[in-house]
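All remarks here apply to the structure that follows.
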2 protein chains.
Amino acid sequence: MPVTSKDIAEKLGLSQPTVSRILSGTQGYRASTETRQRVLEAAREMGYRPNAIARSLRGRRTDIVGFHTGYNYMSVRDAYMAAVLGGLQRVCDAKRVDILLLGVFHGRNTDDIYGELVNGRIDGLFLHTSAEDPLVAELAQSALPVVSISDAIPSLPSVVADDTDGIRQTVDYLWSRGHRRIAYIAPERHMISVDRRVETFREEMAKRRVSDATVIHREFTYGDASEDDGNLDETLNTLLALPERPTAACCWNDPCAMHLLRSCAKLGMRAPRDLAVVGFDGSLDQNLMMQTLTTIAVPWDTLATRALEVLRAQIQGGEVPRETIVPVTLLRGETA
Amino acid sequence: MPVTSKDIAEKLGLSQPTVSRILSGTQGYRASTETRQRVLEAAREMGYRPNAIARSLRGRRTDIVGFHTGYNYMSVRDAYMAAVLGGLQRVCDAKRVDILLLGVFHGRNTDDIYGELVNGRIDGLFLHTSAEDPLVAELAQSALPVVSISDAIPSLPSVVADDTDGIRQTVDYLWSRGHRRIAYIAPERHMISVDRRVETFREEMAKRRVSDATVIHREFTYGDASEDDGNLDETLNTLLALPERPTAACCWNDPCAMHLLRSCAKLGMRAPRDLAVVGFDGSLDQNLMMQTLTTIAVPWDTLATRALEVLRAQIQGGEVPRETIVPVTLLRGETA
DNA sequence: ATGAAAGCGCTAACAT
DNA sequence: ATGTTAGCGCTTTCAT
């Protein structure tokens, strides 16, 4: 049986609140030096550990924030997820907040999942899902502080990378390196971030009098799938079959870029000689690649810092910006 | 203000326990059909959500397990950490257990950290640290159920990969491919898993009448460091300078192997032609590599399953094996 | 089948 | 400076 403040109080012939006040460091309470001494010593001796659950029930606060991803095919194993969560982990640690890694709740209905989020265990939620997720509507009218991480959700405060500027930098860079025929490779899945990237890509190309810039939409499994599904092979073939064969490919994220590079390698093509390849996110560990990837690096720690700020502001009852945009930089690697 | 069971009881003129019994599905309680109906409907209407904190205080159970890594330079961003946590996440989700990602508690003392672990928020702990971590001694004599993940800790129940068999398979494989001069690359840091690997390596080589098998100890930063620290370049040079130049290198883990491969590439060497390279863990996503890595694949989902079993057995007060060993397989890639 | 009472361990309000 | 009382929301006796 764990030792409680009551146990200490009984042992010392004090009241339980006195012990609690001393041990929890209540503001504006000055215990007599002797009492304080005795309590602290008894606590140490008896191995007292304050019960966080009781404290939370009383204080309606847990100092725990949740992390939930609605893309149930995504796990922490994905480099992308790992980058996001790694940033949050570091930042939360510094603020003495712990992260409750909520299940993906496979096979459960929205209301059930919502219930798991608002049952008092967390003070706020980092949400990573799509705007269409039915959970979003529930959360939007709920009292639970939420921040959408890394994809913008109109109805929730969001913290996202600067998609527009990232693409601008990419096109600037490729253009300056002499590329004129650039293709954009996007997923089929709908994501606001990706929409913005595609739109900016078209705009930037149009500015340079390329009105029919190539955009290819192809879904592909990424993450920890054990086999390449070959979709990037097909995408590459599509690229190569274009009347005006592109000299550069702008991929919507890093795994997509890596898959494309592998498809190139299979055909004996090498980046950037035969095709320049650029990614987005900077989620992969460059040290583990044979060829470093040119990509738009998202500062995950900064993004996490902003996200936690937005969450805490809400927890403290403040107003927060609808959308916080984090600046990105072009990371020049060996592929473009 | 959230709706409580008391609110529902008052509204319906019932007692609070009755409402609670119906809503929580108390065993062996048969409410009258009418009462049950009214309660369920009121709960739905009023948006009742049971408070998990109150339930936990009462029941001394949270259905949350903690995850703590004492290697404070390691974050979820590391592919290794991501593989471990990804497995746990999947398995815990299936068992309806959530994971509390505890901070690394940077700059806090052991007793403080220990206090964060035994404050009632978690039912058990997945621990990833070294046997020398001072926290281990505290946990060993604590009532908190703990399981050491992926590195054996003598004083705690551990779930680990079969290091011995992994190395046996590796040497078997390399030998069968004609390699006779094989070097093992280990970290300087002390880890029981690595000791076992090195020991087995020496034994396997000795069995084949190679009594002075080469083992090189070199630390290197891995994970999300932004720059290669060059230690593998140096390691490679050491290998190449050996009187009997090895034809194969057995790396203690996958990132080490990848770093070595990069160092090779810098010198224009290619695996397996100029040097066969084998890793250990299978923590990296093969889809994202230009060349797939030959490695010992640890079945992370299985390891996670065993780990959760061991933890739950302890939580339920049962005895558990001191060490659970998970079988591994050689994954034949393109590097050896 | 339901209600009354108790208590999980803590903090806060009020009284002394 | 300390004690008394109350209550966070729930589950578990025990009584009816």
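Proteins come first, then strands; the chains are lettered A, B, ... in the order of their sequence lines, and each starts at number 1. This is a predicted model, so every value here is computed, not measured.
Checking the phosphate oxygens (OP1, OP2) of dG9(C), no side-chain nitrogen or oxygen of Thr4(A) falls inside 4.0 Å. For dC10(C), the OP1/OP2 oxygens have no side-chain nitrogen or oxygen of Ser20(A) closer than 4.0 Å. Between dC10(C) and Tyr48(A), a contact under 4.0 Å exists linking OP1 or OP2 to a side-chain N or O. Side-chain nitrogen and oxygen atoms of Ser32(A) include none within less than 4.0 Å of the OP1 or OP2 phosphate oxygen of dA1(D).
The CD1 atom of Ile22(B) sits 10 Å away from the C1' atom of dT2(C) (whole-angstrom rounding). Here the P atom of nucleotide dC10(D) and the CD atom of Glu10(B) are 12 Å apart, to the nearest Å. Whole-Å rounding puts the Arg60(B) CZ to dG7(C) P distance at 13 Å. Rounded to whole angstrom, the span from the CG atom of Leu23(B) across to the P atom of dG9(D) amounts to 15 Å.
As judged by a 4.0 angstrom heavy-atom cut-off over every strand, Ser24(A) is placed among residues touching the sugar-phosphate backbone only. Within the 4.0 angstrom heavy-atom criterion, no nucleotide atom of any strand lies near Thr26(B). Here Pro2(B) lies out of heavy-atom contact (under 4.0 Å) with every strand. Using a 4.0 Å heavy-atom cutoff across all strands shown, Arg55(A) reaches sugar-phosphate atoms only and no base atom. Residue-level contact check: Leu14(B) touches the backbone only, with heavy atoms under 4.0 Å from sugar-phosphate atoms and none from bases. Contact annotation for Gly13(B): backbone-only contact, meaning every heavy-atom pair under 4.0 Å involves sugar-phosphate atoms and none involves a base. If you check every strand for non-hydrogen atoms under 4.0 Å, Thr35(B) touches sugar and phosphate atoms only.
In the set dA1(C), dG9(D), dG3(D), the nucleotide with an atom closest to the side chain of Ala54(B) is dG9(D). Closest to the side chain of Thr18(A), from the set dT2(D), dT11(C), dC10(C), is dT2(D). Checking dC10(D), dC8(D), dC10(C) against every side-chain atom of Arg58(B), the shortest atom distance belongs to dC10(D). Between dA1(D), dC10(D), dG3(D), one nucleotide has an atom nearer to the side chain of Tyr29(A) than all others, and that is dA1(D).
Note: Tyr80(A) and His128(A) meet the aromatic proximity criterion, with ring centroids under 6.0 Å apart.
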> Please walk me through it: do Arg49(B) and Asp111(A) pass salt bridge (Lys or Arg N to Asp or Glu O under 4.0 Å)?
Replying inline: CA-CA 10 Å; Arg49(B) 305 288 172 176; Asp111(A) 193 61; 2.9 Å; yes
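Below the 3.5 angstrom threshold, one finds a donor paired with an acceptor across the side chain of Arg21(A) and the base of dG3(D).
Residues Leu12(A) and Ala42(A) approach most closely at CD1-CB, 4.0 Å, considering heavy atoms.
Under the 3.5 Å distance criterion, with hydrogens and angles disregarded, no donor-acceptor pair is assigned to the side chains of Glu323(B) and Ser158(B).
Taken from CZ in Arg121(A) to CZ in Arg121(B), the straight-line distance is 13.0 Å, to the nearest 0.5 Å.
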